[in-house]
Amino acid sequence: MFLISKLFWLAAQPLSLAFLFAALAALLAFFGWRRSGGAAGLLSALVLFVTLYTTAGGVALQVLEERFPKPEVEPQDLSCILVLGGALENEVTTSRGGVELNQAGDRYLEALRLALRHPNARILISGGDGSISGAYEGEAGASERLFSAFGLPPERLVKENASRTTYENALQTKDLLARENLSDCLLVTSAFHMPRSVGLFRKADIPVTPWPVDYRTSGVLRLGFDFTQPTSNAQLTSTAVREWIGLFAYYLTGRIDSLFPAA
């Protein structure tokens with residue numbers, strides 16, 4: 001299932017779809033099916049236009065980010081901080097050492113801030129190597145270098161280094177929490193990723209308090225045209241499409257009980 005999901009996403013992401021429709025258009029035109037080829041070419045152009053020059057992707061991502069608002073008051077007695085992986089550039093970190101954060105790096109920065117404010121809290125990092133090859137250093141292992149650089153002792157960390165997907169995060173974490181006698185964790189992950197994450201943890205009967213970070217939208221974005229930042233629009237659209245597909249897939253396979261989990 002893991003490999004299938006990776007291969008599916010290679011073809012399903014917006015820019016890949018645009019390319020596939022364009023290739024289909026050329027193939028159909030070559031064999032003389034010009035009308036069908038023209039329709040495929042039009043679909044390719046439409047996908048490209050919506051992806052690059054509208055705010056559709058940003059709005060779709062914003063809907064996800066607004067689903068679980070961050071609590072207004074930080075817990076006073078915090079014993080467990082659960083951080084989902086996906087915030088490190090595993091390939092770069094493996095080859096160059098150190099710690100290289102990606103766009104989701106807020107997950108670790110917020111976890112570090114919380115850990116410094118709550119010195120008795122344990123930090124559980126859940127995330128292995130999510131690549132197809134499996135040739136890179138697991139994220140939970142690499143994150144130890146980041147936390148130790150800021151003075152956090154290794155015994156405060158609980159590392160889950162085997163999971164490759166959010167579904168596996170929940171499965172692997174449940175055993176670790178029981179083994180370490182930890183409960184009622186603050187769940188730290190990207191805001192757009194929170195609905196699917198909470199749905200999985202609820203299904204696994206793991207009580208968590210959502211603590212969203214890594215917002216990618218302003219919260220006041222409206223649907224319209226945007227010709228100023230096509231690269232950014234494409235990235236927002238790709239992230240939104242991937243997360244919505246993940247929600248549908250997890251719901252259809254029974255991994256979450258609700259199509260769009262809510263607070």
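Start at 1 with the first residue, then count along the sequence. Because only heavy atoms are used, hydrogens play no part in the values below, and waters and symmetry mates are left out as well, while side chains stay in.
The side-chain heavy atoms of Trp9 and Val241, taken from C-beta on, include a pair separated by under 4.5 Å. You'll find the side chain of Lys70 reaches within 4.5 Å of the side chain of Tyr215, heavy atoms only. In this structure the side chain of Leu46 reaches within 4.5 angstrom of the side chain of Val50, judged on heavy atoms. Considering only heavy atoms from C-beta on, Thr189 stays 4.5 Å or farther from Val213 through its side chain. At a threshold of 4.5 Å between non-hydrogen side-chain atoms, the residues Leu82 and Val188 do not count as touching. In this structure, the side chains of Arg107 and Ser190 come closer than 4.5 Å at one or more pairs of heavy atoms. Between Phe147 and Ile125, some side-chain heavy-atom pair lies under the 4.5 Å cut-off. Between Leu187 and Trp211 there is no side-chain heavy-atom pair separated by less than 4.5 Å.
In this view, Gln13 satisfies the side-chain hydrogen bond (donor to acceptor under 3.5 Å, both in side chains) rule with no residue, not counting sequence neighbours. For the salt bridge (charged side-chain N to carboxylate O under 4.0 Å, His left out) test, no residue two or more places apart in sequence or in another chain qualifies with Glu89. Take Arg196 and apply the salt bridge (charged side-chain N to carboxylate O under 4.0 Å, His left out) test, not counting sequence neighbours, and it matches Glu243. Listed by chain and number, the residues in a side-chain contact (heavy atoms from CB on, under 4.5 Å) with Ala25 are Ala40 (sequence neighbours excluded). Contacts of Leu15 classified as side-chain contact (heavy atoms from CB on, under 4.5 Å), with partners at least two apart in sequence or in another chain: Leu48, Thr51. In terms of the side-chain hydrogen bond (donor to acceptor under 3.5 Å, both in side chains) criterion, residue partners of Thr217 (sequence neighbours excluded) are, by chain and number, Glu65. Partners of Arg164 by side-chain hydrogen bond (donor to acceptor under 3.5 Å, both in side chains), not counting sequence neighbours, listed by chain and number: Glu168. Partners of Gln172 under the side-chain hydrogen bond (donor to acceptor under 3.5 Å, both in side chains) rule, at least two apart in sequence or in another chain, do not exist in this structure.
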> Between Gln62 and Arg216, is a side-chain contact (heavy atoms from CB on, under 4.5 Å) present by the stated rule, with each step listed?
Replying inline: CA-CA 8 Å; Gln62 186 172 262; Arg216 310 286 176 91; over 6 Å; no
> Going through the distances and angles, do Tyr53 and Asn233 end up as a side-chain contact (heavy atoms from CB on, under 4.5 Å)?
Replying inline: CA-CA 7 Å; Tyr53 301 117; Asn233 290 335; 5.7 Å; no
> Can Thr55 and Arg222 be said to form a side chain to side chain donor-acceptor pair (under 3.5 Å), step by step?
Replying inline: CA-CA 7 Å; Thr55 60; Arg222 297 291 182 265; over 6 Å; no
>> Run Arg113 and Tyr108 through side-chain contact (heavy atoms from CB on, under 4.5 Å) and show every step you take.
In response: CA-CA 9 Å; Arg113 185 190 71 81; Tyr108 283 130; over 6 Å; no
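Counting heavy-atom neighbours within 6.0 Å of Asp175 CG, excluding the residue itself, gives a total above 12. The environment of CZ in Phe49 is crowded: more than 12 heavy-atom neighbours from other residues, nucleotides or ligands sit within 6.0 Å. The environment of Phe150 atom CZ is sparse: at most 12 non-hydrogen atoms of other residues, nucleotides or ligands sit within 6.0 angstrom. Atom CZ of Arg34 sits in a sparse spot, with 12 or fewer heavy atoms from other residues, nucleotides or ligands closer than 6.0 Å. Crowding of Phe19 atom CZ: a count of heavy atoms from other residues, nucleotides or ligands under 6.0 Å not exceeding 12.
Nearest approach of Cys80 to Leu177, heavy atoms of both residues: SG-CD2, 4.2 Å. Across every non-hydrogen atom of Leu223 and Ala56, the tightest pair is CD1-CA, 3.6 Å. Considering every non-hydrogen atom in both Leu247 and Pro261, the closest pair reads CD2-CD, 4.0 Å. Closest of all the heavy-atom pairs between Leu61 and Leu236 is CD2-CD2, 3.7 Å. Summarising the geometry of Asn161 relative to Ala140, their closest heavy-atom pair is OD1-N, 3.1 Å, with the distance given to 0.1 Å. Nearest heavy-atom pair, Ser183 versus Ser79, reported as atom, atom and distance to 0.1 Å: O-OG, 4.0 Å.
Of the possible polar contacts, none joining the Asp184 side chain to the Val208 backbone as a donor-acceptor pair under 3.5 Å is found. When atom types are taken as modelled, the side chain of Ser44 and the backbone of Ala18 share a donor-acceptor pair closer than 3.5 angstrom. Ser218 places a side-chain N or O within donor-acceptor distance of the main-chain N or O of Val220, the cut-off being under 3.5 Å.
To the nearest 0.5 Å, atom OH of residue Tyr136 and atom CG of residue Asn90 are 9.0 Å apart. Rounding to the nearest 0.5 Å gives a distance of 10.0 Å between CG of Asp214 and CG of Leu109. The distance from the CG atom of Leu52 to the OG atom of Ser232 is 11.0 Å, given to the nearest 0.5 Å. Taking CZ from Arg156 and CD1 from Ile81, the interatomic distance works out to 6.5 Å, rounded to the nearest 0.5 Å. Remark: Phe68 CZ to Thr209 OG1 distance equals 11.5 Å, nearest 0.5 Å. In this structure, CG on Leu3 lies 14.0 Å from CZ on Phe8, to the nearest 0.5 angstrom.
Listed by first and then second residue, the salt bridge (Lys or Arg N to Asp or Glu O under 4.0 Å) pairs involving residues 247-263 are Lys203-Asp257 (not counting sequence neighbours). Identified under the side chain to side chain donor-acceptor pair (under 3.5 Å) test for residues 114-127, with sequence neighbours left out: Glu74-Arg117, Glu74-His118, Arg122-Glu180, Ser126-Glu160, Ser126-Asn169, Ser126-Thr173. Evaluation of the salt bridge (Lys or Arg N to Asp or Glu O under 4.0 Å) test over residues 126-149, restricted to residues two or more places apart or in two chains, returns Glu137-Arg145, Glu144-Lys159. Here ring-ring contact (aromatic ring centres under 6.0 Å, His included) pairs that include residues 235-263, with residues two or more places apart or in two chains, are Trp244-Phe260.
Leu114 and Leu101 fall within a single hydrophobic cluster, where Ile, Leu, Val, Met, Phe, Trp and Tyr are joined by side-chain heavy atoms under 4.5 Å apart, directly or via other members. Leu152 and Leu78 fall within the same hydrophobic cluster, defined by Ile, Leu, Val, Met, Phe, Trp and Tyr side-chain heavy atoms under 4.5 Å apart, directly or through other members. Residues Leu182 and Phe201 fall within the same hydrophobic cluster, defined by Ile, Leu, Val, Met, Phe, Trp and Tyr side chains chained together at heavy-atom separations under 4.5 Å. By the criterion of side-chain heavy atoms lying less than 4.5 angstrom apart, applied directly or through intervening Ile, Leu, Val, Met, Phe, Trp or Tyr residues, Leu112 is grouped together with Leu157 in one hydrophobic cluster. When the side chains of ILVMFWY residues are joined at heavy-atom separations under 4.5 Å, either directly or via intervening members, Leu200 and Leu176 end up in two distinct hydrophobic clusters.
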